[in-house]
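Below is one structure, written out as structure tokens; the observations come after it.
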Amino acid sequence: FAAAVCAAQTNGYVLTWADEFKGVDGSVPDPSKWTFETGGNGFGNNELEYYTARPVNAHIENGHLAIVAQQEDYTGPDGVKRQYTSARLNTQSKFAQKYGRFEARMQLPQGQGIWPAFWLLGANDKTVGWPKCGEIDIMENLGQNTSTVYATIHGPGYSGAHGIQSRFVLPEGQSFADGYHVFAIEWEPDEMRFYVDDKLYGTRKPAELPAGAKWVYDHPFFIILNLAVGGNWPGKPDSATKFPQKLLIDYVRVYAKAAPR
């Protein structure tokens with residue numbers, strides 16, 4: 001961790017927020033940093049899981065955060081019934097930042113219909129709504145293709161299926177389910193750069209937006225980590241999809257540009 005801080009400082013960034021997930025095994029993630037989002041309403045994507053706040057769906061494990069998707073009959077406190085459970089965590093009202101470097105070191109799950117994500121949402125979402133608040137997907141993966149991840153931005157006039165996207169593909173035969181990789185964004189007022197293991201694979205600038213569309217990335221965003229099951233994009237799990245599935249997160253770190261000396 002100290003080495004990472006030193007390295008970032010030499011690259012012109014200073015650490016502003018981090019979770020290294022060093023809590024007691026089996027405990028829930030630090031409630032001073034994370035909020036559980038719960039529910040089974042499909043979250044706008046026709047997802048199939050119910051997100052719970054139970055340790056079985058998100059807990060500390062060997063110095064990592066494990067977000068676990070289970071196949072089980074579950075009825076939420078609101079009466080909604082689902083056949084899968086998982087977890088979705090965010091830092092809303094606890095941490096948000098405008099610009100800087102956001103990164104997470106993760107090992108991804110795999111399987112048809114499995115959809116892990118590490119993303120940012122505009123902290124003004126409650127007042128202006130989505131997509132005006134802006135959304136920055138730093139890493140999304142479709143579990144049926146474990147060699148490919150996607151980075152996408154969504155805003156007014158370029159949201160949902162019209163989001164502006166880049167993809168990163170590992171060399172043939174490699175899988176994001178086989179080990180840990182660092183997924184990151186470096187975000188500046190007029191440019192975003194997306195990285196896997198410090199390999200640049202996507203750059204976004206205001207000039208790329210559709211005519212008349214607004215660049216809505218000039219205010220603080222908060223962090224979301226989730227593991228969805230099913231949905232419009234990945235499709236449903238099939239008979240080959242094994243459960244439980246785990247998204248393992250070694251750390252999440254956020255940096256700001258150091259002030260010039």
Given side chain to side chain contact (heavy atoms under 4.5 Å, CB included), test L65 with L89 step by step and report yes or no. CA-CA 11 Å; L65 170 63; L89 300 165; 3.7 Å; yes
Pair W119-E135, side chain to side chain contact (heavy atoms under 4.5 Å, CB included): steps then yes or no: CA-CA 7 Å; W119 50 299; E135 175 182 327; 3.7 Å; yes
Does the pair L248 and Y180 meet the rule for a side chain to side chain contact (heavy atoms under 4.5 Å, CB included), with working shown? CA-CA 8 Å; L248 293 170; Y180 284 86; 3.4 Å; yes
Please step through side chain to side chain contact (heavy atoms under 4.5 Å, CB included) for the pair Y195 and V182, ending with a clear verdict. CA-CA 8 Å; Y195 299 88; V182 177; over 6 Å; no
Should F243 and Y84 be marked as a ring pair (Phe, Tyr, Trp, His ring centres under 6.0 Å) after you check the CA-CA gap, both sets of side-chain angles, and the distance that decides it? CA-CA 10 Å; F243 287 91; Y84 304 95; 5.2 Å; yes
Let me see the working for F168 and H181 under ring pair (Phe, Tyr, Trp, His ring centres under 6.0 Å), right down to the final yes or no. CA-CA 12 Å; F168 179 92; H181 295 269; 8.2 Å; no
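At a threshold of 4.5 Å between side-chain heavy atoms, the hydrophobic network of Ile, Leu, Val, Met, Phe, Trp and Tyr places F36 and V252 in one connected group. In the hydrophobic cluster analysis, where Ile, Leu, Val, Met, Phe, Trp and Tyr join through side-chain heavy atoms closer than 4.5 angstrom, Y201 is grouped together with M192. I224 is not connected to V149 by any chain of hydrophobic side-chain contacts under 4.5 Å among Ile, Leu, Val, Met, Phe, Trp and Tyr, and they are in different clusters. One hydrophobic cluster, built from ILVMFWY side chains closer than 4.5 Å, cannot hold both V68 and Y74; they sit in different ones. At a threshold of 4.5 Å between side-chain heavy atoms, the hydrophobic network of Ile, Leu, Val, Met, Phe, Trp and Tyr places M106 and I60 in one connected group.
Considering only heavy atoms from C-beta on, D30 comes within 4.5 Å of D19 through its side chain. A heavy-atom distance below 4.5 Å is not found between the side chains of W115 and E49. Residues Y50 and D78 form a side-chain contact, since some pair of their non-hydrogen atoms from C-beta on lies under 4.5 Å apart. At a threshold of 4.5 Å between non-hydrogen side-chain atoms, the residues S86 and I67 count as touching. H154 is listed as a side-chain neighbour of D137, based on a closest heavy-atom distance under 4.5 Å. A heavy-atom distance below 4.5 Å is found between the side chains of F183 and F176. Between L209 and I164 the shortest side-chain heavy-atom distance falls below 4.5 Å. W34 has its side chain out of reach of V28: every pair of non-hydrogen atoms, C-beta onward, lies at least 4.5 Å apart.
Between atom SG of residue C133 and atom CG of residue L121 there is a gap of 4.0 Å, rounded to the nearest 0.5 Å. Summarising the geometry, atom CD belonging to Q70 is positioned 9.5 Å from atom NZ belonging to K246; distances are rounded to the nearest 0.5 Å. With values rounded to the nearest 0.5 angstrom, I153 atom CD1 is found 11.5 Å from S159 atom OG. Expressed to the nearest 0.5 Å, how far CD of E47 lies from CG of L227 amounts to 9.5 Å. Of the inter-residue distances, the one linking N124 atom CG with W130 atom CH2 reads 14.0 Å to the nearest 0.5 angstrom. If you take CZ on F118 and CG on L225, they are separated by 6.5 Å, rounding to the nearest 0.5 Å.
Few gaps surround NE2 on H219; more than 12 heavy atoms of other groups in view lie less than 6.0 Å from it. Surrounding NZ of K33 are more than 12 heavy atoms belonging to other residues, nucleotides or ligands, all under 6.0 Å away. The environment of K22 atom NZ is dense: over 12 non-hydrogen atoms of other residues, nucleotides or ligands sit within 6.0 angstrom.
The shortest non-hydrogen separation linking P116 to P109 is CG-CD, 3.8 Å. In terms of heavy atoms, T38 sits closest to A53 at CG2-N, 3.8 Å. Pairing each heavy atom of V229 with each of A69, the nearest pair is CG2-CB, 3.8 Å. Nearest heavy-atom pair across W233 and Q165 is CH2-NE2, 3.8 Å. Taking each heavy atom of P29 and A58 in turn, the nearest pair found is CD-O, 3.9 Å.
A donor-acceptor pair under 3.5 Å is absent between the side-chain atoms of Q245 and the main chain of G143, judged by distance alone. Without hydrogens or angle criteria, H59 side chain to P55 main chain gives a donor-acceptor distance under 3.5 Å. For Y150 (side chain) and I138 (main-chain N/O), no donor-acceptor pair under 3.5 Å exists by modelled atom type. Side-chain atoms of N90 do not come within 3.5 Å of backbone N or O of I223 as any donor-acceptor pair. A donor-acceptor pair under 3.5 Å is formed between the side chain of Q144 and the backbone N or O of P234. Side chain of Q97 to backbone of Y99: a donor-acceptor contact under 3.5 angstrom is found. In this structure, the side chain of E208 engages the main chain of K205 through a donor-acceptor pair within 3.5 Å. No donor-acceptor pair under 3.5 Å is formed between the side chain of N141 and the backbone N or O of L108. A side-chain donor-acceptor contact under 3.5 Å links H64 to the backbone of N62. Panel note: side chain R193, backbone T203; no donor-acceptor pair is recorded below 3.5 Å.
Using modelled atom types and a 3.5 Å distance limit, the side chains of N145 and S147 yield a donor-acceptor pair. The closest side-chain donor-acceptor pair between Q112 and D238, if any, does not fall under 3.5 angstrom. One side chain, T85 or R54, offers a donor N or O that lies under 3.5 Å from an acceptor on the other. In this model, a donor atom of one side chain and an acceptor atom of the other lie less than 3.5 Å apart for T35 and K94. No side-chain donor-acceptor contact under 3.5 Å links D250 and Q107. Residues N232 and N45 have side chains that never bring a donor and an acceptor to within less than 3.5 angstrom of each other.
A salt bridge does not link R204 with E186: none of the charged nitrogens is closer than 4.0 Å to a carboxylate oxygen. With respect to R101 and E103, a salt bridge is recorded, a charged nitrogen being found less than 4.0 Å from a carboxylate O. The pair E20-R253 meets the salt-bridge criterion, since a charged nitrogen lies less than 4.0 angstrom from a carboxylate oxygen.
Exactly one of F95, F102, Y251 qualifies for a ring pair (Phe, Tyr, Trp, His ring centres under 6.0 Å) with W17. That residue is F95.
Note on ring orientation: taking the six-membered ring where Trp is involved, the planes of F43 and Y51 are perpendicular (angle over 60°, cut-offs 30° and 60°).
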